[in-house]
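We use all heavy atoms of the structure for the numbers below, so side chains are in, but hydrogens, waters and symmetry mates are not.
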Amino acid sequence: MTTASAFHFESLVWDWPIAVYLFLIGISAGLVVLAVLLRQYYPNAAGSNSTLMRTTLILAPTTIVLGLLILIFHLTRPWTFWKLMFHYSPTSVMSMGVMLFQVYMAVLVVWLAKIYETELISLQQKWLPKLSIIPRVLAMLTQAMRFLDIIMLVLAVLLGAYTGFLLSALKSYPFLNNPLLPALFLFSGISSGIAVSLIALALRYRKNIHNPESTFLHRVEGFVIWLEIFLLAAFFVGLALGDDGKIRSLIAALGGGFWTWWFWIGVVGFGFIIPLGLKKWVDKSHRATRILLVSGSSLFGVFCLRFFVLYAGQLTVA
């Protein structure tokens, strides 16, 4: 017999590794969305030396790989995961997600290779001089780069929203079966991408963190945070106006207890109040420590949101 707790209860199916997986996938999608937008609106600041582009180069593929490894080892039979990579089912959200991951990773590698064409060709000439096909293929992509940007943006948006679709497909849980969840996860993923990028900027430019990249990120940040708040409010209003199952799930999530405190302190406090309340405090200073504090708080808030939705969403069964 097991004792029920905030992290272990009878109706729990997906536990904390899935929350971490959702968090990592959101960072990858958010970084790519921001990188594409930076290339479109601030092309002079989006070169290979750009902090945002470098962060995307390192973290966008890495977080995807880590997230998939977590998902694979969380399966009951992880050694059979390869079957999902070759057998697709249009009626399975998981199967469609695997297909999306494959396409996303393939396009991401090509897109990043073209952005870092000079560096890649330099490495190729040093280590693989006979592999001359690489410069030729990259040269052929020059005319298609704008189209590749659009494809990459679409795939990143789909990936960010997919994390919400994955949970909303759980129809037996009224809290999770909500059409706003994909949009909420998409924009919270972009918010995590902004936080990671600002942290990278603060670590790189400790003495002067204000540049075109940080200006771009701060402009997007204000819009994204308020949109997150609106989507979260609409999410709860939809539950309050729903059937008996949705009302019970809302009461279970916000009616008191561990996950209620988790939401108000972690999601609202760290994710919204601190970033919005200290925005002017950050803008008035060139000190990197302020960016690290506020962006770290925002990133932690997104992390808390993933845990809250996953666990609070499974407290109530229809």
d(Ile18 CD1, Phe307 CZ) to nearest 0.5 Å is 10.5 Å
Okay, side chain of Glu213, backbone of Leu201: is any donor-acceptor separation there less than 3.5 Å? no
Mind checking the CG-CZ spacing from Leu66 to Phe23? Nearest 0.5 Å is all I need. 12.0 Å
What I'd like to find out is whether the side chain of Pro61 reaches to under 4.5 Å of the side chain of Leu112, using heavy atoms alone. yes
Candidate pair Leu198 and Glu221, rule side chain to side chain contact (heavy atoms under 4.5 Å, CB included), full reasoning: CA-CA 10 Å; Leu198 288 172; Glu221 182 183 32; 4.1 Å; yes
Do Val109 and Leu123 belong together in a cluster built from hydrophobic side chains that touch within less than 4.5 Å? no
Within a reach of under 6.0 Å around CZ of Phe236, are more than 12 heavy atoms found that belong to other residues, nucleotides or ligands? yes
Should the heavy atoms of other residues, nucleotides or ligands under 6.0 Å from CZ of Phe258 be counted, would the total exceed 12? yes
Between Leu176 and Leu310, does the side chain to side chain contact (heavy atoms under 4.5 Å, CB included) criterion hold? Intermediate values first, please. CA-CA 8 Å; Leu176 298 176; Leu310 184 68; 5.6 Å; no
Report the residue from Phe263, Trp264, Phe270, Phe303 that forms a ring-ring contact (aromatic ring centres under 6.0 Å, His included) with Phe308. Phe263
Find the distance between CZ (Arg290) and OG (Ser295) and round it off to the nearest 0.5 Å. 13.5 Å
Tell me which one of Val224, Thr56, Val220 satisfies side chain to side chain contact (heavy atoms under 4.5 Å, CB included) with Leu34. Val220
Could you state whether Phe165 and Val98 fall into the same hydrophobic cluster, counting links through intermediate Ile, Leu, Val, Met, Phe, Trp or Tyr residues with side-chain heavy atoms under 4.5 angstrom apart? no
Spacing of CD1 belonging to Ile151 relative to CH2 belonging to Trp111, to within rounding of 0.5 Å: 13.0 Å
Keeping the roles fixed (side chain from Thr163, backbone from Pro182), state whether a donor-acceptor pair exists under 3.5 Å. no
Are Leu31 and Ser197 side-chain neighbours, meaning at least one heavy-atom pair lies under 4.5 Å? yes
Hydrophobic cluster identity match, Val309 and Ile247, side-chain contacts under 4.5 Å: no
Verdict with reasoning, Arg204 to Thr51, per side-chain hydrogen bond (donor to acceptor under 3.5 Å, both in side chains): CA-CA 8 Å; Arg204 186 180 183 185; Thr51 303; 2.9 Å; yes
Is any side-chain heavy atom of Ile25 less than 4.5 Å from a side-chain heavy atom of Thr63? no
Just jot down the side-chain hydrogen bond (donor to acceptor under 3.5 Å, both in side chains) partners of Tyr173, sequence neighbours excluded, or say none. none
Examine Phe147 and Tyr41 and state if one hydrophobic cluster contains both, with Ile, Leu, Val, Met, Phe, Trp and Tyr joined whenever side-chain heavy atoms are less than 4.5 Å apart. yes
Can the ring centres of Trp259 and Phe7 be said to be less than 6.0 Å apart? yes
Enclosure of Ile133 CD1 (heavy-atom neighbours >12, cutoff 6.0 Å): no
Locate the shortest heavy-atom distance separating Val317 from Arg248; write the atom from each residue and the value. O-NH2, 3.5 Å
Taking C-beta and beyond as the side chain, do Leu232 and Glu228 meet within less than 4.5 Å on heavy atoms? no
Within the structure provided, determine whether Ile225 and Pro275 are in side-chain contact (heavy-atom separation under 4.5 Å). yes
Between atom CG of Leu170 and atom CD of Gln314, what is the distance when rounded to the nearest 0.5 Å? 7.0 Å
Going hydrophobic residue to hydrophobic residue with side-chain gaps under 4.5 angstrom, can you get from Leu128 over to Ile121? yes
Which atoms form the tightest heavy-atom contact between Ser188 and Phe185, and what is the distance? OG-O, 3.1 Å
Carefully, step by step, assess Thr142 and Lys114 under the rule side-chain hydrogen bond (donor to acceptor under 3.5 Å, both in side chains). CA-CA 8 Å; Thr142 301; Lys114 182 59 183 176; 2.7 Å; yes
Can you check ring-ring contact (aromatic ring centres under 6.0 Å, His included) on Tyr104 and Tyr162, steps first, answer last? CA-CA 12 Å; Tyr104 175 85; Tyr162 166 74; over 10 Å; no
Between Asn178 and Leu167, is there a side-chain heavy-atom distance shorter than 4.5 Å? no
Test Phe175 against Phe235 for ring-ring contact (aromatic ring centres under 6.0 Å, His included), laying out the working first. CA-CA 9 Å; Phe175 188 94; Phe235 180 88; 5.1 Å; yes
Neighbour count above 12 (heavy atom, 6.0 Å) for Trp281 CH2: yes
Just by distance, do the side chain of Tyr311 and the backbone of Trp16 share a donor-acceptor pair under 3.5 Å? yes
Are more than 12 heavy atoms, taken from residues, nucleotides or ligands other than Phe230, located less than 6.0 Å from that residue's CZ atom? no
Report yes if the side chains of Leu293 and Thr289 come closer than 4.5 Å at any heavy-atom pair, otherwise no. no
Show your working on side chain to side chain contact (heavy atoms under 4.5 Å, CB included) between Leu68 and Leu24 and close with a plain yes or no. CA-CA 9 Å; Leu68 287 177; Leu24 292 173; over 6 Å; no
How far apart are the closest heavy atoms of Ala45 and Leu38, and which atoms are they? O-CD2, 3.9 Å
Of the non-hydrogen atoms in Thr260 and Ala253, which two are nearest, and what is the gap between them? OG1-O, 3.0 Å
Would you say the side chains of Tyr42 and Ser50 form a donor-acceptor pair under 3.5 Å? no
Heavy-atom closest pair (Pro17 atom, Ile70 atom, distance to 0.1 Å) is O-CG2, 3.3 Å
With a 4.5 Å cut-off on side-chain heavy atoms, are Leu159 and Met105 touching? no
One should read off an interatomic distance between Leu148 CG and Met145 CE, to the nearest 0.5 angstrom, of 5.0 Å
I need the minimum non-hydrogen distance between Val294 and Ile274, along with the two atoms involved. CG1-O, 4.5 Å
Check whether Tyr21 forms a cation-pi arrangement with Arg306 (NZ or CZ under 6.0 Å from the six-membered ring centre, at most 45° off the ring normal). no
